[in-house]
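Note that the structure is a prediction, hence the values are computed from the model and not measured. Every chain is numbered from 1, with letters handed out A, B, ... down the list of sequences.
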Protein chains: 2
Amino acid sequence: MNENVPNCKNNYLHKDKIEHAKSLLINDEDLFFVTQLFKILGDETRTKILSVLIEDELCVCDIAKILDMTKSAISHQLKTLRIAKLIKSRKIGKEVFYSLKDDHVFKIYKMATEHVAE
Amino acid sequence: MNENVPNCKNNYLHKDKIEHAKSLLINDEDLFFVTQLFKILGDETRTKILSVLIEDELCVCDIAKILDMTKSAISHQLKTLRIAKLIKSRKIGKEVFYSLKDDHVFKIYKMATEHVAE
DNA sequence: ATAATAGTTGAACAATTATTCAACTATTCG
DNA sequence: CGAATAGTTGAATAATTGTTCAACTATTAT
């Protein structure tokens, strides 16, 4: 099943190292949620949407205009962002206004930008 | 081309808002690099690899054993992480040891975990 | 009530990508 | 040298996913 098990003669040599590293392995629950979050942030359209919502709420149509994309495409991505609890919405008449749920995401972006800036 | 342009009667109403939001739109270069980084972090295998490299370098075979995956799969992902400059490698004999390049990534993870923890 | 508009939704399509497989290189050891 | 081992690589496959399209709901205005 796993080609590696019978090989790697140095197994005994690195054994302690491996055991210790195993204890550092991220647990399944954290892994799922953190990876999920990064997957959501790893899309250009969603990043753009979040960036224009920094200071104020916007309706779907506004966002579509700013990004020069269809309302449908934007709506799909807004749904993804809403399910991930990164944004929230409120309806006024026919319009639905979206805004950021908290500033955690921007701290993450800021940190990522710092990393990238090097 | 864009279904939205002729619609959205409230254009005049939200005009200032839209213009201001446009100025907040993340620029193309930052967008590319930040999204690229998050794409790389948005994979369970890569996240696991980074997590086991927190404290010490490991060879490909060690990582493969810890994650119970083939050396080939691990090697492919290590290459991705190396190209993204998240890890570095050094060769000793037949073995190639991989380690984190800096601790930026873990600050990002830490922040993401905090976000997720809510 | 009818028309117009804002937004949502599901299916289809296209593009991306993680893993597998097999073949390959490089290094060590007998 | 030849055998064994660590790791890499490219092609193929399978799964995921972002956008489009068309049809739909909900709200407003005439």
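- Here C/dT5 presents its C1' atom at 14 Å from CG of A/Asp62, a figure rounded to the nearest Å.
- A/Lys88 contributes no side-chain N or O that, together with a main-chain N or O of A/Tyr98, makes up a donor-acceptor pair within less than 3.5 Å.
- In this structure, CZ of A/Phe32 is placed 12 Å from P of D/dT16, rounded to the nearest angstrom.
- The base of C/dT20 lies close enough to the side chain of B/His76 for a donor and an acceptor atom to sit less than 3.5 Å apart.
- Sequence order on DNA chain D of the closest nucleotides to B/Leu78 and A/Gly93 puts B/Leu78 first from the 5' end.
- In this structure, CD of B/Gln77 is placed 15 Å from C1' of D/dG10, rounded to the nearest angstrom.
- Note: NZ (B/Lys94) to P (C/dG30) measures 10 Å, nearest angstrom.
- The side chain of A/Thr70 contributes an N or O atom lying less than 4.0 Å from OP1 or OP2 of D/dT20.
- Using a 4.0 Å heavy-atom cutoff across all strands shown, A/Arg82 reaches no nucleic acid atom at all.
- Between B/Asp43 and B/Thr80 the shortest side-chain heavy-atom distance does not fall below 4.5 Å.
- Among the protein residues, B/Tyr98 comes within range of the sugar-phosphate backbone only, with heavy atoms under 4.0 Å from sugar or phosphate atoms but none that close to a base.
- In this model, a donor atom of one side chain and an acceptor atom of the other lie less than 3.5 Å apart for A/Tyr109 and A/Thr47.
- In this model, the phosphate group of D/dT19 is approached by a side-chain N or O of A/Thr45 to a distance below 4.0 Å at OP1 or OP2.
- For A/Asp43, counting side-chain heavy atoms from C-beta on, the closest listed nucleotide (C/dT9, D/dG18, D/dT8) is D/dG18.
- The CD1-C1' distance, from B/Ile92 to D/dG7, rounds to 14 Å in whole Å.
- Residue A/Ser75 has its side chain nearest to C/dT8 when only D/dC21, C/dT8, C/dA6 are considered.
- Neither OP1 nor OP2 of C/dT8 sits under 4.0 Å from any side-chain N or O of A/Lys71.
- Judged by distance alone, with hydrogens and angles left aside, the side-chain atoms of B/Ser75 form no donor-acceptor pair with the main-chain N or O of B/Ser72 at under 3.5 Å.
- In this structure, A/Lys39 atom NZ and C/dT16 atom C1' are separated by 13 Å, rounded to whole Å.
- Distance from the side chain of B/Lys91 is smallest to C/dA26 among D/dT20, C/dA26, C/dG7.
- As rounded to whole Å, 13 Å separates atom P of D/dG18 from atom CD1 of A/Ile74.
- Closest to the A/Ala73 side chain, of the nucleotides D/dT19, C/dA26, C/dG7, is D/dT19.
- When atom types are taken as modelled, the side chain of B/Asp103 and the backbone of B/Phe106 share no donor-acceptor pair closer than 3.5 angstrom.
- In this structure, A/Lys79 atom NZ and C/dT9 atom P are separated by 4 Å, rounded to whole Å.
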